[in-house]
There are 2 protein chains.
Amino acid sequence: MKGLGELERSIMDILWAENAPLTAREVGRMIEDRDLAPTTVMTVLDRLSRKGFLTRTRDGRAWRYQPAASRDAYVAELMLEALEMTGDRDAALTRFAQAVSGSEAEILRKALTELEEE
Amino acid sequence: MKGLGELERSIMDILWAENAPLTAREVGRMIEDRDLAPTTVMTVLDRLSRKGFLTRTRDGRAWRYQPAASRDAYVAELMLEALEMTGDRDAALTRFAQAVSGSEAEILRKALTELEEE
DNA sequence: GGGGTAGTACTACGTCCCGTAGAGAGGTGA
DNA sequence: TCACCTCTCTACGGGACGTAGTACTACCCC
């Protein structure tokens, strides 16, 4: 999986936060702080859909974009990808488990327990 | 943390696999399949130490390079970094737990249990 | 002691990604 | 018809990375 640039991530964040598919214009309106040209937003949306992060459907002349996967799925995939990198997955996992904070360890524990029960 | 390119990662892999600090020449000899110029290896080693992935110490005229952190630590850090990206860490962690394979879930479970006991 | 060898530092070039945006085409509503 | 919206296409500058040459220095062997 390819990574995301900074602007790309900002835009993904907007789309992940929104439940409905947005047009380029709508997205642009939500990044006002950066004062981008409309075409900039369109270009980035286009690249993101080329890269498979977004899907788009027609709405009149405009496209409406929405995430192809949830942010959680993306994050989990990044984590798995990092894990792929090591020769010793167990060691890395152990280290990871030690690094997460207490409350998160709790979440993990719970998720794993539920898995076990299925 | 900055990411690693492909050659950079190959070289880190060599150094992670080795226990002793290596010189550029030694590293170069271990990537024979790519037939790189010696200076190429040196440049990459230099960049890696600039980026903080390697530390180096003098050995006569030459430098000896060794990883600043273990591969496991690096991988765990990458995973945490991915986790930082989400607004809902719990959801991402849950998804991650569901995505790891059975034996790895077991490792995680064990690591978490040991944590708890301390 | 002179030439090959090894090692260093510095510089450079091509490519790809990404942020950024303009130009031009074609529809749309006043 | 004219202003406007949206799209697609093209482009440029910067930074990271793969790759390597050059110039200089120190050491070893004959």
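Computed from a predicted model, the values in this text were never measured in an experiment. Sequence lines set the chain letters: A, B, ... in the order given, protein chains first and strands last, and positions in each chain run from 1.
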d([atom1], [X]; [atom2], [N]) in whole Å:
X	N	atom1	atom2	result
B:Glu8	D:dA16	CD	C1'	8 Å
A:Leu4	C:dC18	CG	P	8 Å
B:Asp59	D:dA26	CG	C1'	14 Å
B:Ile31	D:dG18	CD1	C1'	12 Å
B:Leu36	D:dG18	CG	C1'	9 Å
A:Arg64	D:dC5	CZ	P	16 Å
A:Leu7	D:dG13	CG	C1'	16 Å

Check A:Trp16 against A:Ser70 and note the closest heavy-atom contact, atom names and distance.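 Looking at all heavy atoms of both residues, the shortest contact is NE1-C, 3.4 Å.
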Side-chain donor-acceptor pairs of residues 32-44 of chain A under 3.5 Å, sequence neighbours excluded:
residue	atom	partner	partner atom	Å
A:Thr43	OG1	A:Thr39	O	2.8

On the nucleotide D:dT19, are OP1 or OP2 found under 4.0 Å from the side-chain N or O atoms that B:Arg34 carries?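 Yes, such a contact exists.
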Any residue of residues 14-27 of chain B with a heavy atom less than 4.0 Å from an atom of DNA chain C: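 Residues of residues 14-27 of chain B that come under 4.0 Å of DNA chain C are, in numerical order, B:Arg25.
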Can you list, by residue number, the residues of residues 38-57 of chain A that have a non-hydrogen atom closer than 4.0 angstrom to DNA chain C?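 Listed by number, they are A:Thr39, A:Thr40, A:Thr43, A:Val44, A:Arg47, A:Lys51.
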Sugar-phosphate only, base, or nothing, as touched by A:Gly3 at under 4.0 Å among non-hydrogen atoms: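 Sugar-phosphate, no base atom in range.
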Spacing of OG1 belonging to B:Thr94 relative to CG belonging to A:Asp72, to within rounding of 0.5 Å: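 Reported to 0.5 Å precision, the distance equals 8.5 Å.
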Could you go through the salt bridge (charged side-chain N to carboxylate O under 4.0 Å, His left out) check for A:Glu106 and A:Arg109 one step at a time? CA-CA 5 Å; A:Glu106 195 48 53; A:Arg109 219 175 272 136; 2.8 Å; yes
Taking the nucleotide of DNA chain C with the closest heavy atom to each, which residue, A:Lys2 or B:Ala62, is nearer the 5' end?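 Its nearest nucleotide lies further toward 5', so the answer is B:Ala62.
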Is there a donor and acceptor pair closer than 3.5 Å between the side chain of A:Arg61 and the base of D:dC7?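 Checked by distance alone, the answer is no.
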In terms of side-chain geometry, is the basic nitrogen of B:Arg71 or A:Asp88 positioned less than 4.0 Å from the acidic oxygen of its partner?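 No, B:Arg71 and A:Asp88 are not salt-bridged.
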Evaluate A:Glu8 against A:Arg47 for salt bridge (charged side-chain N to carboxylate O under 4.0 Å, His left out), listing each step before the verdict. CA-CA 9 Å; A:Glu8 290 176 333; A:Arg47 285 183 188 159; 5.4 Å; no
If only atom types and distance count, is the side chain of [X] paired as donor or acceptor with the main-chain N or O of [Y] below 3.5 Å?
X	Y	result
B:Arg9	B:Met12	no
B:Thr86	B:Leu83	no
A:Glu18	A:Leu15	no

